[in-house]
Amino acid sequence: MKILSETALTYDDVLLVPQYSEVDSRRALSTKSCLTKKIALQVPIVSANMDVVTESEMAITMAREGGIGMIHRFMTIAEQARQIGRVKKAESFIVDKPLTMTDAHTVGDVKRVVDETGTGGILILDSNEKLIGIVSTRDLLFEEDEDKSVTEIMSRNVHSAAPDTSLKEAERLLHEFRVEKLPLVDKDGKVAGLVTLKDIMKITQFPKATKDARGRLSVGAAVGVRDMEMRRVESALEAGADCIVVDIAHGDSHLEIEMIKNIHSHFPGAQIIGGNVATADGTKRLIDVGADAVKVGVGPGSICITRNVAGSGVPQLTAVIECATAAKPYGIPIIADGGIRQPGDLVKAIAAGAQTVMIGSMLAGTDESPGMIMTRRGHRYKASRGMASLEANINRNKREGNDLTHEEIEDYVAEGVEAAVPYRGKAREVLNQLVGGLQSGMSYSGAHSLEELQEKAIFMRMTGAGLKESGPHDVEVIG
Ligand code: XMP
């Protein structure tokens with residue numbers, strides 16, 4: 001037995017000491033960071049891989065706002081792939097499989113397809129599948145002869161581009177040709193995609209969005225550590241997942257290490273997030289087997305009772321400082337996972353060395369999380385629950401076709417609770433508050449970037465009285 005003499009700290013134990021600042025505009029400060037060495041984020045926030053937090057809707061919003069979402073694993077492999085697919089399709093500037101018809105079709109055929117699908121422009125191919133024309137809604141507008149061949153009304157002068165055209169180049173060509181649709185055509189004249197002005201305009205609405213190399217929103221997928229989970233990894237990567245979270249509560253374990261090794265050997269290019277750990281040694285062990293980021297947090301989460309049940313964990317600020325210090329020489333980013341209740345906690349987590357934070361319950365209360373809004377005593381709530389809670393375990397088994405027996409339920413040792421969290425409206429509003437707080441915190445530390453915040457940060461411990469003074473006090477809060 002060994003007793004460590006150092007006191008471990010968490011967010012409420014400290015404050016950042018204000019420092020001389022030359023920041024003029026907080027809102028202009030960059031919050032750029034990285035999830036892994038290869039995945040950059042404009043907003044250092046990740047939505048948790050919990051079934052009450054991240055499915056496609058949350059992941060789409062997270063990526064549009066500059067963060068990223070991790071689709072949870074408590075669903076079938078096929079369903080998880082569908083969820084990833086939805087994120088990938090949400091904002092691609094390239095339609096992979098545009099609607100095509102052939103020169104054998106009539107005006108009537110095209111009108112019917114346009115009515116059924118709502119598609120504005122149909123590409124027309126010849127019998128060798130080569131692009132020969134395009135029919136727009138305008139071409140169909142006053143055309144009454146439905147038996148006429150489509151070749152009589154289509155525009156033959158189609159401007160096209162190569163399949164690997166970048167977003168910038170596509171924008172330039174759409175402008176130069178004054179067209180709304182730009183088919184992508186390979187060297188054999190076959191259609192390989194379509195760029196539309198409408199999709200490009202949607203993209204510019206979200207300038208911070210996290211995107212992959214093909215311009216699609218980025219998303220992560222969680223997997224377990226059982227052998228059969230390698231199929232989940234394969235399916236998630238095939239569906240376009242940008243990273244894989246190897247999700248177990250005690251990540252400093254041989255199960256986690258074997259899974260990371262396995263993923264590496266079968267999918268060498270995959271970005272792997274390992275965790276959760278709470279010590280420097282645990283962090284190094286995951287980095288040694290190839291983790292591209294390490295998730296830190298044993299027991300700080302709002303719905304966690306691991307520390308009560310297992311008596312195990314490390315208060316989160318100390319865990320982040322120790323793990324980040326261990327990861328720094330390797331250049332591997334740390335994700336501070338759990339326990340973020342307000343923007344100030346995010347500032348402290350980043351100042352302590354994390355590159356990003358993972359958030360569960362704060363986002364579980366938003367419109368984009370799965371689940372319904374409940375009303376209780378005039379207040380609106382949404383459900384949150386630990387992934388190791390009894391309720392989550394019963395549901396998980398039900399989904400897999402096992403109805404737990406009375407004994408199995410009694411024997412289950414839960415490490416999470418079920419809870420209700422206040423309804424918070426749109427996830428974008430929560431993210432705005434968090435980012436605004438982070439920028440404020442940077443300004444108080446005189447930092448222009450998150451790296452500078454980490455360099456300059458001076459934490460000061462405070463007493464319970466200091467904590468009390470830090471919140472509203474001696475007033476009745478009415479708003
Ligand atoms: P917050 O505080 O953001 O924390 O709600 C989210 C994180 O909590 C972890 N998590 C759990 N931890 N028992 C635990 O000990 C659980 O049942 C549980 N469910 C989630 C997880 O790391 C998540 O990201």
Side-chain angles (χ1 to χ4, degrees), residues 10-12 35 44-55 58-59 62 67-74 220-224 245-253 256 273-278 282 293-317 319-320 323 334-346 348-349 354 356-366 369-371 381-396 412-422 424 427 430-431 433-434:
T10 194
Y11 300 127
D12 271 355
L35 177 73
I45 303 176
V46 184
S47 67
N49 44 286
M50 294 166 68
D51 66 2
V52 285
V53 180
T54 310
E55 291 185 354
M58 179 66 76
M62 290 302 299
I68 192 166
M70 301 295 156
I71 308 273
H72 69 87
R73 66 184 167 93
F74 305 111
V223 302
V245 178
V246 182
D247 170 37
I248 53 172
H250 185 25
D252 188 11
S253 61
E256 170 93 14
I273 298 173
N276 280 19
V277 298
V294 177
K295 201 143 72 78
V296 173
V298 175
S302 56
I303 36 54
C304 304
I305 50 170
T306 295
R307 293 182 189 168
N308 298 347
V309 171
S312 194
V314 176
Q316 186 68 346
L317 188 81
V320 170
C323 297
I334 290 296
I335 304 166
D337 176 16
I340 303 291
R341 306 147 304 162
Q342 53 202 354
D345 297 338
L346 160 64
K348 292 173 190 174
T356 57
V357 299
M358 177 172 267
I359 293 185
S361 287
M362 262 189 101
L363 289 166
T366 63
S369 70
Y381 298 89
K382 283 191 89 167
S384 183
R385 64 173 181 215
M387 295 299 89
S389 65
L390 176 61
E391 166 80 2
N393 185 44
I394 292 174
N395 274 6
R396 205 151 46 231
Y412 182 70
V413 181
E415 287 190 23
V417 295
E418 253 190 283
V421 289
R424 292 176 187 269
V430 173
L431 294 171
Q433 289 301 314
L434 286 164

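Because only heavy atoms are used, hydrogens play no part in the values below, and waters and symmetry mates are left out as well, while side chains stay in. When a ligand or atom number is given, it counts from 1 through the structure's own listing order.
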Only one of Ile68, Val46, Ile45 forms a side-chain contact (heavy atoms from CB on, under 4.5 Å) with Met62, so which one is it?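 Of Ile68, Val46, Ile45, side-chain contact (heavy atoms from CB on, under 4.5 Å) with Met62 is met by Ile45 alone.
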Sole residue of Asp51, Asn393, Asn49, Ile303 in side-chain contact (heavy atoms from CB on, under 4.5 Å) with Met387: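 Exactly one pass, corresponding to Asp51.
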Check whether any side-chain heavy atom of His250 lies under 4.5 Å from a side-chain heavy atom of Asp252, and answer yes or no.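 The answer is yes, as the side chains (C-beta and beyond) meet within the 4.5 Å cut-off.
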Pair Thr306-Glu415, side-chain donor/acceptor within less than 3.5 Å: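 Yes - a donor-acceptor pair under 3.5 Å links their side chains.
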What residues form a side chain to side chain contact (heavy atoms under 4.5 Å, CB included) with Ala364, not counting sequence neighbours?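 Once residues adjacent in sequence are excluded, the partners of Ala364 under the side chain to side chain contact (heavy atoms under 4.5 Å, CB included) criterion are Val53, Ser384, Val421.
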Looking at Ala388, is its backbone amide N or carbonyl O close enough to the side chain of Tyr412 to form a donor-acceptor pair, meaning the two atoms are under 3.5 Å apart? yes
Under a 4.0 Å heavy-atom cut-off, what residues line ligand 1? Ala48, Met50, Asn276, Gly301, Ser302, Ile303, Cys304, Thr306, Asp337, Gly338, Gly339, Met358, Ile359, Gly360, Ser361, Gly386, Met387, Ala388, Ser389, Glu415, Gly416
